[in-house]
Amino acid sequence: MPTRLVHLVWDANDPAALARLWASALGWVIADEDEDEVDIWPEGFSYPDPAAVPLVFVPVPEPKAVKNRVHLDLASNSLEHQANLVARLRDLGASPVDIGQGEVPWVVLADPEGNEFCVLEPRDMYAGTGPVAAILTDCADPAAVGRFWAEAAGYPVGYAEDHITGLRAPSGVGPYLEFLRVPDAKTVKDRLHLDVAPYSGEDPAAEVARLRALGAVPADVGQGDVNWTVLADPEGNEFCVLSPR
């Protein structure tokens, strides 16, 4: 069996504070907390399950320096819900941000550490995703990166247009993974990254070899001696291959 998507990891200067904000924003709960990480997911969630992608906040000393290449799109079910969600997020500490979006029907905000995210207007395709409509990654070649992540995450390609490719779990639940064409090149380590893991009983070394054959390369983000493998996808976006689960 291939690897599957299990987490979205979030670099944070204050993981506990940022995790609590995002738990409140999404209506999720703190699932685990220690000095190395804080995990949030929906109440009653059975890990790992494609119905949601848990957020894992880890401490880093460096502040955010450039626009993130990975961000969340939040779902709404009506214009009133969108407006109320934006208001609640601003009460929690988010603020409007201009990333050159111009006049659009969605609202671009940033959390207190500057991480951009979007609150979408109602869209039928995101009905049933839960509060996170999509995890979106900037890239130069959406089709190629999408094909790679279909293999890494275990999510088939659901749609592919010139500017965007979208994947979703085979069961048709949870958020989409989307890859959006942008002109900007990657310049620094991604502040948000995906984690994948083999299924229980599978060989992680074999899965690392499989992903390398698909175009992934080893990446050094200062991880030192750890029991997981850090790779980068064909456009340099870092991700981790964890132990089987």
Side-chain angles (χ1 to χ4, degrees), residues 5 8-10 50 53 55 64-77 79 82 85-86 89 94 96-111 114-170 172-196 211 214-217 219 231-239:
L5 177 62
L8 177 65
V9 179
W10 204 305
V53 177
L55 304 184
K64 178 177 177 290
V66 300
K67 173 183 166 291
N68 286 339
R69 291 183 70 79
V70 182
H71 75 263
L72 298 184
D73 282 350
L74 304 189
S76 69
N77 54 40
L79 292 178
Q82 182 191 27
L85 183 54
V86 168
L89 287 159
V97 63
D98 186 349
I99 56 172
Q101 67 268 23
E103 292 293 327
V104 293
W106 59 88
V107 179
V108 184
L109 301 174
D111 71 20
N115 300 292
E116 305 88 357
F117 63 98
C118 298
V119 182
L120 303 180
E121 76 286 1
R123 302 185 192 181
D124 289 344
M125 69 174 290
Y126 298 128
T129 61
V132 179
I135 301 167
L136 192 145
T137 299
D138 293 348
C139 63
D141 188 339
V145 179
R147 286 192 297 270
F148 173 85
W149 277 100
E151 295 287 344
Y155 285 17
V157 175
Y159 53 90
E161 303 174 16
D162 178 66
H163 71 293
I164 191 167
T165 293
L167 323 177
R168 199 180 188 194
V173 299
Y176 286 80
L177 287 184
E178 295 181 338
F179 301 91
L180 178 70
R181 187 185 305 278
V182 299
D184 310 310
K186 182 176 184 291
T187 57
V188 299
K189 178 176 80 74
D190 289 337
R191 207 162 176 86
L192 284 75
H193 74 262
L194 299 170
D195 278 352
V196 302
L211 293 168
L214 291 168
V217 296
L231 300 175
D233 74 14
E235 290 202 8
N237 299 295
E238 301 86 3
F239 67 98

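Hydrogens, waters and symmetry mates play no part in the numbers below; they use all other heavy atoms, side chains included.
- Inter-residue side-chain proximity for Asn115 and Leu192 is flagged as met; some heavy-atom pair is nearer than 4.5 Å.
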Per-pair distances, 0.1 Å, donor-acceptor, side chain in residues 119-126, under 3.5 Å, sequence neighbours excluded:
{"residue": "Glu121", "atom": "OE2", "partner": "Arg123", "partner atom": "NE", "Å": "2.9"}
{"residue": "Glu121", "atom": "OE2", "partner": "Arg123", "partner atom": "NH2", "Å": "3.3"}
{"residue": "Tyr126", "atom": "OH", "partner": "Glu178", "partner atom": "OE1", "Å": "3.4"}
{"residue": "Tyr126", "atom": "OH", "partner": "Glu178", "partner atom": "OE2", "Å": "2.6"}

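- Under the 4.5 Å side-chain criterion, counting only non-hydrogen atoms from C-beta, Val53 is not in contact with Leu177.
- Using a 4.5 Å heavy-atom cutoff, the side chains of Leu167 and Phe179 are in contact.
- Contact annotation: the side chain of Val173 approaches that of Pro50 to within less than 4.5 Å [non-hydrogen atoms, C-beta and beyond].
- Using a 4.5 Å heavy-atom threshold, the side chains of Leu180 and His163 count as touching.
- Contact record, Gln82 with Pro105: NE2-O, 3.0 Å, taken as the closest heavy-atom pair.
- In this structure, Pro156 and Ala169 approach most closely via the heavy-atom pair CD-C, 4.3 Å.
- Taking 4.5 Å as the limit, every side-chain heavy atom of Leu89 sits out of range of all side-chain heavy atoms of Val107.
- Taking every heavy atom of both residues into account, Ala140 and Glu235 meet most closely at N-OE1, 2.8 Å.
- Val217 has its side chain out of reach of Leu231: every pair of non-hydrogen atoms, C-beta onward, lies at least 4.5 Å apart.
- Judged purely by atom type and a 3.5 angstrom limit, Arg181 uses its side chain to pair as donor or acceptor with the backbone of Asp162.
- A salt bridge (Lys or Arg N to Asp or Glu O under 4.0 Å) check over residues 127-148, counting only residues at least two apart or in different chains, returns the pairs Lys67-Asp138.
- Shown are Val145, Thr137, Val157; of these, the side chain to side chain contact (heavy atoms under 4.5 Å, CB included) with Thr165 is made only by Val157.
- Residues that satisfy the side chain to side chain contact (heavy atoms under 4.5 Å, CB included) test with Pro131, not counting sequence neighbours, are Leu26, Trp28.
- For residues 97-107, no pair satisfies side-chain hydrogen bond (donor to acceptor under 3.5 Å, both in side chains), with sequence neighbours left out.
- Between Val188 and Lys186, the shortest heavy-atom contact is O-NZ, 3.0 Å.
- Contact between Phe148 and Asp233 at its shortest, heavy atoms only, is CE2-CB, 3.6 Å.
- With contacts defined as side-chain heavy-atom distances shorter than 4.5 Å, the pair Trp10/Asn68 does not qualify.
- Closest non-hydrogen pair, Phe239 versus Ala232, comes out as CE2-C, 3.7 Å.
- How far OG1 of Thr129 is from OH of Tyr176: 8.0 Å, rounded to the nearest 0.5 Å.
- Residues passing the salt bridge (Lys or Arg N to Asp or Glu O under 4.0 Å) test with Asp195, sequence neighbours excluded: none.
- No donor-acceptor distance shorter than 3.5 angstrom exists from the side chain of Arg168 to the backbone of Tyr155, with no hydrogens or angles considered.
- Looking at residues two or more places apart in sequence or on another chain, you find a salt bridge (Lys or Arg N to Asp or Glu O under 4.0 Å) between Glu116 and Lys64.
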